Amino acid sequence: MSKSKPNSNLVDPTAGPRFSVRFLVSLAAMVAGIAWMAYYYLAVRAETGDPGSPAFMADLGNWNYLIGFGAIFVGLILAAHPSTPLGRGNGVVVGMLSCFLIGLVWICLFYIFSNDLSGIPVFNDLGQKNLFVGIGFMAVGFAYATKWE
């Protein structure tokens, strides 16, 4: 028997492509959501009473978190498609369990520190809305669960 050469391109015939347009779009959405929230929290948020710029972002207030987490959730849901590495094989299990655990830890941390959230970034601005974030991660975990075979 002769040994076959390993396929050097980025497509594995049994598993599909490692990088697809859908996967790159999902990564871009997740990074954009994280960057949106980080920029709002660090540069625009009016902690001292003088909001930063751009003014439209300061006017949105806590809606910036909805935009950021929404982009992260959309990116994760897009990554659950079988054309992406997280949407097939062991990636589905990793994505599902990760989302479930992140959601559970988010809610547990909120309940543990709910008396004084002032020292935890993002948690201090969201207050009771932290429950929505935790449940949102769990809902994305269910999107992965529907792809599990």
Side-chain angles (χ1 to χ4, degrees), residues 9-12 14-149:
N9 63 9
L10 293 176
V11 177
D12 183 3
T14 59
R18 290 187 189 144
F19 294 102
S20 63
V21 174
R22 183 182 205 94
F23 183 61
L24 295 175
V25 168
S26 68
L27 283 177
M30 289 185 272
V31 168
I34 293 168
W36 184 279
M37 287 189 300
Y39 183 74
Y40 171 72
Y41 191 83
L42 297 173
V44 178
R45 190 171 64 105
E47 192 173 79
T48 61
D50 185 27
S53 64
F56 80 90
M57 204 171 192
D59 292 341
L60 286 173
N62 283 346
W63 286 97
N64 287 299
Y65 294 114
L66 179 66
I67 294 168
F69 280 117
I72 292 170
F73 294 153
V74 166
L76 285 169
I77 290 172
L78 284 174
H81 192 269
S83 69
T84 66
L86 280 177
R88 62 178 176 268
N90 292 337
V92 175
V93 178
V94 170
M96 176 182 65
L97 291 178
S98 298
C99 288
F100 284 150
L101 289 175
I102 290 170
L104 178 67
V105 168
W106 194 283
I107 291 172
C108 288
L109 282 174
F110 168 67
Y111 277 124
I112 290 170
F113 296 108
S114 62
N115 289 336
D116 184 24
L117 292 173
S118 61
I120 305 173
V122 178
F123 278 76
N124 58 0
D125 284 350
L126 291 176
Q128 291 291 324
K129 296 178 198 106
N130 281 301
L131 295 173
F132 293 130
V133 174
I135 292 169
F137 275 111
M138 290 180 185
V140 171
F142 280 111
Y144 279 97
T146 61
K147 309 291 184 200
W148 193 16
E149 296 177 5

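Since the model is a prediction, treat every value here as computed from it, not as a measurement.
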Requested in this report: Any chance you could measure F69, atom CZ, to N64, atom CG, to the nearest 0.5 Å?
Outcome: 12.0 Å

**Report entry** Exercise: identify the closest heavy-atom pair between G33 and A71
**Finding:** CA-CB, 3.7 Å

Query - Nearest atoms (heavy-atom pairs only) where S20 meets S83 - result: OG-O, 3.1 Å

Query raised in the report: Atom CE in M96, atom CG in L101: separation rounded to 0.5 Å?
Result: 10.0 Å

Query raised in the report: Which pair of heavy atoms, one from A29 and one from G75, lies closest together, and at what distance?
Result: CB-CA, 3.9 Å

Query raised in the report: Any luck finding a side-chain donor-acceptor pair between Y41 and D125 under 3.5 Å?
Result: no

Report summary line: On a heavy-atom basis, the closest approach of L78 and S26 is CB-CB, 3.8 Å

**Report entry** Under 3.5 Å: donor-acceptor pair, side chain of S98, backbone of G95
**Finding:** no

Query raised in the report: For the residue pair F123 and W106, does the interplanar ring angle fall in the parallel (under 30°), tilted (30 to 60°) or perpendicular (over 60°) class?
Result: parallel

Query raised in the report: If you measure from CG on L66 to CG on L126, what distance do you get to the nearest 0.5 Å?
Result: 10.0 Å

**Report entry** Heavy-atom side-chain proximity of L76 to F137 below 4.5 angstrom
**Finding:** yes

Query raised in the report: Do the non-hydrogen side-chain atoms of F113 and L109 ever get within less than 4.5 Å of each other?
Result: yes

Query raised in the report: Can you list the steps and then say if Y40 with V122 is a side-chain contact (heavy atoms from CB on, under 4.5 Å)?
Result: CA-CA 10 Å; Y40 171 72; V122 178; over 6 Å; no

Query raised in the report: Hey, does I107 have a side-chain heavy atom less than 4.5 Å from the side chain of N130?
Result: no

Query - Nearest heavy-atom neighbours spanning R88 and T84 - result: NH1-O, 3.0 Å

Query raised in the report: Nearest 0.5 Å, what's the CG-CD1 distance between L97 and I102?
Result: 11.0 Å

**Report entry** Pairs flagged by salt bridge (Lys or Arg N to Asp or Glu O under 4.0 Å) wherever residues 26-43 is involved - sequence neighbours left out
**Finding:** none

Query raised in the report: For the residue pair M37 and G68, what are the closest heavy atoms and their distance?
Result: CG-CA, 3.7 Å

Query raised in the report: Does the side chain of I120 reach to within under 4.5 Å of the side chain of F110, using non-hydrogen atoms?
Result: no

Query raised in the report: N124 side chain to P121 main-chain N or O, any donor-acceptor pair under 3.5 Å?
Result: no

Query - Ring centres under 6.0 angstrom apart (F100, Y144) - result: no

Report task. Please round to the nearest 0.5 Å and tell me the distance separating atom CD1 of I135 and atom NZ of K129. Result -> 14.5 Å

